[in-house]
Structures are given as C-alpha cells and as structure tokens.
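For the numbers below, each heavy atom of this structure counts, side chains included, while hydrogens, waters and symmetry mates do not. Computed from a predicted structure; not experimentally measured.
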Amino acid sequence: NAHDAVGMYWWGSRGDSGLVDKARRMVNLALAAPQHEGIFPSLFNYQAKQWFGCYWKPAENFDPDWPFPSTWMPKKIPTNFWNTRSDYYQTSAASKTGVYLLRYHRQCEQDPRIVPYLRAYGDFLVAHLDSNGCMPAWFTSGLQPVRELRFNGEGGIHMSFLCELYAVTQDKRYLETAERLAAFLQTEIMPHQRWYDFETFYSCSIKPENFFDSYTGQWPQCTLSMLWAIDGFAALNDATGKPDYLSNAEAVADLAGFFQAVWQPHFIVTAYAFGGFRSQNSDAEWLDMRQTVFAEAFARLGLMTGRQDLLERGVAALRASLAIINHPRLVQNNIFAYPRYPLGIEPENIDHEGLPQHPLRSGFDWGEGGALAAAAGLMQRLGGAFVDLKRNIAVGGDGVYVRSYTLDGSVVRVELENQLAALPFPYSEPYDLDLRIEGPPAGTYQLVVNGGAAMAVDLPAPQGIRVKFGPRGIE
C-alpha cells in the first residue's frame with residue numbers, strides 16, 4: 001500500500017533502515033502492476049502470484065436499482081457483485097495509489113519510475129472522463145465504463161491525483177480535468193449531499209443506487225468520498241489559488257465532522273471512541289479506520305485555513321486511530337480494555353453491527369499501519385506540539401495539550417500539559433518532544449516552556465525544537 005510506504009519511509013528515516021527497505025518494496029510492488037492504456041489493477045494475490053482488478057464485478061443480470069424490501073428480508077439483499085478475481089479496473093483505487101506514489105516521490109525519494117508510470121494513468125483519466133465531468137467507478141477489461149456507479153461522488157481522489165501529477169509535470173490537461181471533476185461535485189453531489197462511492201452501496205450497507213430515506217429526507221452519504229473531496233478541493237486551491245475550492249473543502253469537512261465523535265458516548269463500552277469516525281449514514285460502526293486519513297485531511301485543511309477546530313479534529317482522529325490496538329497501556333487505562341487480536345494489532349472498527357463487539361480486521365493499512373502512516377504525516381508538519389503565533393492557532397499531538405502561548409518582544413512563552421502523565425496508569429518517563437513554533441519574524445528568541453529556564457532559539461526552525469518533556473514539564 002503506497003500510503004503505508006510514505007509513512008514507513010518517514011519512520012525508517014529516523015534510524016531504521018529496515019523500514020526504508022520495506023517502503024521501497026511496497027513501491028516496487030505498486031509499480032509492477034501491469035498497465036492497460038495507463039490504468040492498472042488494484043490487487044495482487046500472493047498465493048496465486050497474479051494481479052486482479054478489484055473486489056467487484058456485478059453479475060450481468062445485476063440491477064443496480066433493485067427493489068429494496070420494506071421489512072428486513074436478508075434473502076432479498078443481493079450480494080452477487082462481489083468477485084475477488086474480478087478483471088474490472090477500479091479508478092478510485094488506482095488514483096489513491098497514484099496520489100501516494102507521487103507523495104512518496106515528492107516527500108521521500110525521487111524514484112525515476114514513478115512519474116512516467118503515472119503520466120500514462122493520468123492520460124487515461126483525461127481520455128475517459130464522462131462528458132458530465134464524472135469519472136466512472138469501474139471499467140471492464142476492455143476499458144468500457146461499467147453501468148454500476150457511473151454516477152458517483154468519488155471525484156475528489158481523482159482531483160488529488162491529477163493535481164499532484166500537474167505539480168510535477170506542469171501539463172495543464174491534468175489540471176483542466178481536475179477542474180471538470182470539481183465542477184461535477186459542485187453541481188451534482190454537494191447540493192443534495194449525494195456522497196456515493198463503492199462503499200455506499202457495495203460493501204457492508206447494501207442498498208440500491210436509487211435508495212432515498214424519505215423519513216430523514218437524505219440520500220446515502222459515505223464519508224470516504226467526502227474525505228476524497230476535502231483533499232481534492234484543497235489540492236485544487238493549492239494548484240490554482242481559486243478561493244472557491246478552499247471554501248468547498250471546508251464545506252465538505254464541516255459535513256464530515258458530523259460523523260466524528262466529539263464526546264465519549266455513554267452507550268459505547270467497547271473502547272474510548274472520542275475522535276473516531278462513523279463510515280456513513282446507513283451503517284453502525286464506530287472508531288472506523290478511515291479516521292487515519294481524516295486525521296491528515298483535517299490537519300492539512302486546518303493549516304490552510306487557520307482553523308483551530310480542524311487542527312483539533314485532526315489530532316483527535318489520529319489518536320482514535322491508535323485507540324483499539326492491543327497494548328497493555330490501553331488495557332490498563334480502560335481505553336480498550338478487552339482486546340481480541342495479538343499484541344500490536346487492531347480491528348478495522350468497533351460495534352459494527354450496532355452492539356458491543358470486536359469486528360473483523362481488514363489489514364495493516366486499515367489498522368495500526370495506516371495509523372502510524374498518518375502519525376508520520378502529522379508529525380512531519382505539526383511536530384509533537386505546534387504553535388502559530390501569527391495566526392493564533394496551536395495544537396498538541398504527541399501526548400501534550402497546548403494550554404497557552406504568548407509572544408512578548410523576543411520572549412516566547414508556551415504552556416504545555418502532559419496528558420500521558422495524567423492518565424490513571426501514567427506514562428511517567430521523559431521523552432523527546434518536537435516543538436514547532438511559527439509566525440514571528442526570523443530571528444533569535446528566548447523560549448520559556450512551562451515557566452522553566454529560558455533557552456535561546458532561532459526561528460523559524462523548520463525541523464522543530466527538540467525538548468525533553470516529562471511529567472513535570474521540561475527536563
């Protein structure tokens with residue numbers, strides 16, 4: 001998984017060459033996928049040593065608008081769209097792989113194979129965009145668009161990919177195609193919040209594509225396509241400077257925020273759910289691992305807009321991503337008291353069927369691997385604690401809370417609260433904290449943390465200021 005490769009490379013660059021090697025192997029596997037006019041399959045079966053397109057291939061007689069039963073009748077719910085040996089190409093999967101391969105190229109190391117490989121895929125997207133500005137979700141092995149999900153809200157992931165590709169190639173065709181995708185989301189998806197993607201209809205919450213809930217007056221909404229739209233609109237704002245794209249990113253983020261737990265519900269007893277995500281408006285899980293990528297999306301948008309709430313939501317989502325790992329400290333602190341998987345492993349979510357339970361495990365990326373990749377993304381940009389004195393925003397990520405911060409002449413004062421030391425079973429050892437301070441004019445300042453001795457620091461400090469932080473503050 002290319003997302004994991006980006007995160008693993010960052011962690012490995014801090015002193016573990018084995019992780020760097022694994023990241024490179026992930027990239028090698030992704031680039032080994034055979035291309036057909038640019039597009040490529042999503043799955044490699046290690047036992048069969050064979051590539052497959054994706055997990056879906058509806059039967060020829062499948063009706064995407066099948067009649068939904070008025071009462072619960074499981075035998076009336078079709079499942080003949082699953083196919084683990086499918087030869088269909090899935091565009092959202094290909095674009096997500098492309099996004100992270102290009103980020104690997106930009107943030108980790110410049111692999112000369114990546115851009116030529118992905119230019120071919122970018123050309124495929126340019127050539128196969130529907131006239132209305134929507135990219136079909138699937139293509140047959142003969143590159144014909146599939147009827148199912150031809151109307152969808154997945155465009156954000158293609159926008160992100162095309163903007164990343166534009167940044168490295170300066171080929172305006174990619175940017176123009178991204179803007180056409182954005183226009184479709186603006187006119188066809190956002191007005192009625194029709195956030196359709198493969199998970200909305202063809203995963204755990206099966207329903208026909210024409211489903212509408214007349215009781216609440218809502219169309220089906222899945223947060224996966226919302227997440228992609230947040231990143232896609234933000235990327236278009238970066239590429240074009242057009243403020244409407246940033247406003248759209250904020251609008252979708254505000255909607256997605258309704259699916260995030262900003263309290264600990266009394267009826268959730270399986271784990272500490274604060275900061276975690278639901279998947280959609282027609283499913284039941286909590287603490288779903290999409291929160292790993294929401295953490296990055298919210299933090300990125302929070303920095304772009306100067307919104308304190310999005311920064312805090314991003315950090316909360318990241319912490320929630322690590323909340324259901326089997327770890328002694330999570331058990332001792334009643335964050336996840338009854339783990340089922342081996343040490344260091346976590347499920348994809350909790351309470352998936354609307355009752356206290358430990359559901360299945362999807363894999364490393366939709367679990368602890370994706371969480372650590374997201375942690376790498378946030379720590380790379382925010383450090384362990386982040387303060388922007390000019391824009392008046394701050395957030396603590398690495399076990400701390402930023403209580404206050406001031407700039408008085410050349411003296412910067414920051415008050416940090418050690419949240420790990422406040423746990424019922426505390427972490428009482430000092431650890432290295434990367435403090436990032438932005439905003440003031442370049443120069444030498446006196447930094448005072450938690451009322452301790454002043455230390456001279458040069459700002460800006462792009463790599464942060466390394467301090468030893470313990471239960472009593474700076475040590």
Side-chain angles (χ1 to χ4, degrees), residues 1-6 9 23-44 51-54 87-131 133-146 152 154-185 228-229 231-242 245:
N1 186 292
H3 177 225
D4 297 339
V6 175
Y9 188 96
R24 289 170 176 162
R25 289 169 181 265
M26 291 177 181
V27 171
N28 288 342
L29 177 62
L31 294 175
Q35 290 182 285
H36 184 185
E37 294 187 19
I39 199 167
F40 47 90
S42 305
L43 304 175
F44 183 73
W51 285 95
F52 294 103
C54 63
D87 59 355
Y88 279 8
Y89 294 103
Q90 186 177 15
T91 53
S92 60
S95 287
K96 183 179 179 183
T97 298
V99 165
Y100 287 108
L101 284 175
L102 288 169
R103 288 183 186 171
Y104 184 94
H105 183 78
R106 173 165 53 86
Q107 298 175 6
C108 303
E109 57 184 351
Q110 293 193 352
D111 187 319
R113 301 170 296 170
I114 290 176
V115 174
Y117 183 89
L118 293 175
R119 284 202 76 150
Y121 175 59
D123 292 344
F124 174 89
L125 292 181
V126 171
H128 289 83
L129 185 69
D130 274 346
S131 60
C134 183
M135 181 61 63
W138 292 295
F139 283 86
T140 67
S141 58
L143 303 187
Q144 295 301 308
V146 174
N152 64 72
E154 297 179 348
I157 192 63
H158 308 307
M159 291 151 56
S160 293
F161 167 72
L162 290 166
C163 287
E164 288 273 2
L165 190 59
Y166 169 72
V168 76
T169 64
Q170 294 300 297
D171 188 330
K172 291 187 176 180
R173 294 179 304 133
Y174 303 138
L175 188 60
E176 290 166 356
T177 303
E179 292 203 87
R180 289 179 60 197
L181 285 155
F184 177 82
L185 292 184
W228 294 338
D231 276 340
F233 281 124
L236 267 173
N237 173 260
D238 262 346
T240 67
K242 296 178 181 179
Y245 291 138

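- For F139, the ring pair (Phe, Tyr, Trp, His ring centres under 6.0 Å) test picks out F124, H128, with sequence neighbours left out.
- Residue P34 comes nearest to W51 through the heavy atom pair CD-CD1, 3.6 Å, listed as atom of the first residue, atom of the second, then distance.
- Note on residues 93-105: pairs passing salt bridge (charged side-chain N to carboxylate O under 4.0 Å, His left out), not counting sequence neighbours, are R103-E164.
- No side-chain heavy atom of C163 sits under 4.5 Å from any side-chain heavy atom of D238.
- A donor-acceptor pair under 3.5 Å links the side-chain atoms of Q35 to the main chain of Y117, judged by distance alone.
- For the pair D123 and R173, the minimum side-chain heavy-atom distance is below 4.5 Å.
- Within the 4.5 Å cutoff, side-chain heavy atoms of V27 are placed close to those of R113.
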side-chain contact (heavy atoms from CB on, under 4.5 Å) between L118 and F161, worked out = CA-CA 9 Å; L118 293 175; F161 167 72; 4.0 Å; yes
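- Between L236 and A182 the shortest heavy-atom distance is CD1-CB, 3.5 Å.
- Of the possible donor and acceptor atoms, none in the side chain of T140 sits under 3.5 Å from a partner among the backbone N and O of Y88.
- Between Y121 and L165, the closest side-chain pair of non-hydrogen atoms is not below 4.5 Å.
- Heavy-atom minimum distance, A33 versus F40: CB-CB, 4.0 Å.
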Test side-chain contact (heavy atoms from CB on, under 4.5 Å) applied to V168 and R106, step by step | CA-CA 9 Å; V168 76; R106 173 165 53 86; over 6 Å; no
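- Between L101 and L31, some side-chain heavy-atom pair lies under the 4.5 Å cut-off.
- Applying the ring pair (Phe, Tyr, Trp, His ring centres under 6.0 Å) test to Y9 and every residue at least two apart in sequence or in another chain returns Y104.
- Residues satisfying the ring pair (Phe, Tyr, Trp, His ring centres under 6.0 Å) test with Y166, not counting sequence neighbours, are none.
- Put simply, the side chain of L185 reaches to within 4.5 Å of the side chain of F233, judged on heavy atoms.
- Separation of atoms CG (L181) and CH2 (W228) is listed at 13.0 Å; rounding is to 0.5 Å.
- Atom CD of Q170 has more than 12 heavy atoms from other residues, nucleotides or ligands within 6.0 Å.
- By the 4.5 Å heavy-atom criterion applied to side chains, S95 and S160 are not counted as neighbours.
- Annotation: the span from N237 atom CG to K242 atom NZ amounts to 11.0 Å, rounded to 0.5 Å.
- Counting all heavy atoms, side chain and backbone alike, G232 lies closest to M159 at C-CE, 3.5 Å.
- Separation of atoms CG (D111) and CG (L102) is listed at 11.0 Å; rounding is to 0.5 Å.
- By the ring pair (Phe, Tyr, Trp, His ring centres under 6.0 Å) test, Y245 pairs with no residue at all, sequence neighbours left out.
- The line from CG of L43 to CD of Q90 is 8.0 Å long, rounded to the nearest 0.5 Å.
- At least one donor-acceptor pair under 3.5 Å links the side chain of T91 to the backbone N or O of A137.
- Residue D87 holds its CG atom at 11.0 Å from NE2 of H36, rounded to the nearest 0.5 Å.
- Distance check: S42 OG to F52 CZ gives 12.5 Å after rounding to the nearest 0.5 Å.
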Please assess H158 against L129 for the test side-chain contact (heavy atoms from CB on, under 4.5 Å), listing each intermediate value before the final yes or no.
-> CA-CA 10 Å; H158 308 307; L129 185 69; over 6 Å; no
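- Scanning all heavy atoms of the two residues, the minimum distance from F184 to G133 falls at CB-O, 3.4 Å.
- Minimum heavy-atom separation, L175 to A239: CD1-CB, 3.7 Å.
- Residues that satisfy the side chain to side chain donor-acceptor pair (under 3.5 Å) test with N152, not counting sequence neighbours, are absent from this structure.
- Between L125 and I39 the shortest side-chain heavy-atom distance does not fall below 4.5 Å.
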